[in-house]
Amino acid sequence: QAEDGIRDKLVTGVQTCALPICSSFRGIHESLIGYAGNKPEFILCSHEEIAASMCNGYAKIEGKPALTAAHGTVGLQHASMAIYNAYCDQAPMVVLAGNRRNGSERRSYVEWVHSVQDAASIVREYTKWDDNPGSLEHWGESMVRAYHVSNTPPRLPVVIVADEDLQEDPIPADFKGHIPKLGAHTPPAGDIGSVNELARMLVAAENPVLVAGMSARTAKGLDLLIELAELLQCPVIDQKRRMNFPTRHPLNHTWRNRAVLADADLIVGLEVWDFYGVVNADRKSTRLNSSH
């Protein structure tokens with residue numbers, strides 16, 4: 001059984017949980033509803049892929065992670081496509097994977113056959129970080145780290161394996177409930193020397209072009225790209241992987257990208273996935289000065 005308030009603290013930093021019905025989350029279900037007063041808010045889903053997709057949409061609207069859960073190996077496989085979509089979309093998401101790692105505890109056929117030694121391996125190739133906490137103290141630390149890692153650009157899904165025994169065993173009498181504070185963190189930034197060199201190249205170029213991929217993560221980022229383009233009076237090509245640049249802005253030349261790139265003497269890629277494809281497939285054999 002959980003003490004009032006402690007379980008709520010252990011799911012820290014997350015305001016919304018989209019969870020499917022599953023036996024590997026009995027403890028978390030009971031704790032959120034019976035002990036935490038449905039805080040963070042519990043949203044019941046009928047399928048793991050739906051739950052994970054909801055988290056993707058929540059991140060794009062609210063700009064912060066939501067938490068989803070998957071039942072054992074089968075549930076994580078169900079959610080895998082939506083988790084991959086969030087990975088491609090650079091959307092933050094915290095995924096809980098239910099699992100029973102104690103090989104001697106074969107309490108239920110369904111739970112046991114849906115458990116595995118390394119649950120997170122199913123989606124490890126397209127998640128940013130994963131952990132398998134072995135204690136409540138470890139769980140609290142992992143949740144805080146998961147929130148930070150997922151929410152730090154490039155923002156991506158992370159996975160925490162939720163052991164069934166850890167969910168359901170009584171809280172130790174000496175457990176003090178220490179959970180690290182979220183605190184402030186600074187996103188990664190470009191080397192100032194490289195940024196200054198790029199600025200000199202942009203000023204010296206006669207026909208610079210900006211190619212935007214996943215660059216504008218916020219409304220402020222969009223405003224800054226507009227300011228840069230207007231300052232340079234250079235065309236912008238929006239690869240439409242995100243809302244990077246206003247469609248009707250006079251410097252938006254996405255519709256004539258081949259012609260613009262062919263005339264450029266400097267191409268700057270802003271978080272472009274395939275820069276080689278930009279400067280080769282689009283500009284054919286023309287040799288251009290490029291920066292990524």
Quiz item: Do Leu228 and Leu224 share a hydrophobic cluster, counting only Ile, Leu, Val, Met, Phe, Trp and Tyr and linking them when any side-chain heavy atoms are less than 4.5 Å apart?
Solution: no
Taking side-chain hydrogen bond (donor to acceptor under 3.5 Å, both in side chains) as the definition, give me every residue that meets it alongside [X], ordered by chain and number, with sequence neighbours left out.
| X | answer |
| --- | --- |
| Glu49 | none |
| Asp130 | Arg124 |
| Arg145 | none |

Exercise. For Asn132 and His138, test the side chains for any donor-to-acceptor distance below 3.5 angstrom and give the result as yes or no.
Key: no
In Å, rounded to the nearest 0.5 Å, how long is the span from [atom1] of [X] to [atom2] of [Y]?
| X | Y | atom1 | atom2 | answer |
| --- | --- | --- | --- | --- |
| Leu96 | Gln167 | CG | CD | 8.5 Å |
| Asn99 | Asp118 | CG | CG | 9.0 Å |
| Leu232 | Leu202 | CG | CG | 5.5 Å |
| Ile267 | Leu210 | CD1 | CG | 10.5 Å |
| Thr127 | Tyr87 | OG1 | OH | 9.5 Å |
| Tyr58 | Ile43 | OH | CD1 | 8.5 Å |

Self-check item: Any residue meeting salt bridge (charged side-chain N to carboxylate O under 4.0 Å, His left out) with Asp163, in chain and number order, not counting sequence neighbours
Solution: Arg101
Within the distance-only criterion (no hydrogens, no angle test), does the side chain of [X] pair as donor or acceptor with the backbone N or O of [Y] below 3.5 angstrom?
| X | Y | answer |
| --- | --- | --- |
| Asp265 | Ala205 | no |
| Asp131 | Ile160 | no |
| Lys128 | Val149 | yes |

Quiz prompt | Residue pairs, two or more places apart or on separate chains, that pass ring pair (Phe, Tyr, Trp, His ring centres under 6.0 Å) and touch residues 195-251 | solution = Phe245-His249
Exercise. Scan residues 192-239 for pairs that pass ring pair (Phe, Tyr, Trp, His ring centres under 6.0 Å), counting only residues two or more places apart or in two chains.
Key: none
Suppose the criterion is salt bridge (Lys or Arg N to Asp or Glu O under 4.0 Å): which pairs have a residue in [range], not counting sequence neighbours?
| range | answer |
| --- | --- |
| residues 80-90 | Lys60-Asp89 |
| residues 233-251 | none |
| residues 197-216 | Glu197-Arg200 |

Practice problem: Enumerate the residue pairs fulfilling side chain to side chain donor-acceptor pair (under 3.5 Å) with a member in residues 208-226, sequence neighbours excluded, ordered by first and then second residue. | Solution: Ser215-Asn244, Arg217-Glu271
Quiz prompt | side chain to side chain donor-acceptor pair (under 3.5 Å) pairs, two or more places apart, involving residues 74-86 | solution = His47-His78
Quiz prompt | Any Leu261 side-chain heavy atom under 4.5 Å of Val279 side chain | solution = no
Quiz prompt | Min side-chain heavy-atom separation Glu141-Val144 under 4.5 Å | solution = no
If you look only at distance, which donor and acceptor atoms sit under 3.5 Å apart when one is on a side chain in residues 151-158 and the other is two or more places apart or in another chain?
| residue | atom | partner | partner atom | Å |
| --- | --- | --- | --- | --- |
| Thr152 | OG1 | His148 | O | 2.6 |
| Thr152 | OG1 | His185 | NE2 | 3.3 |
| Arg155 | NH1 | Gly63 | O | 2.8 |

Quiz prompt | More than 12 heavy atoms from other groups under 6.0 Å of CD on Gln233 | solution = yes
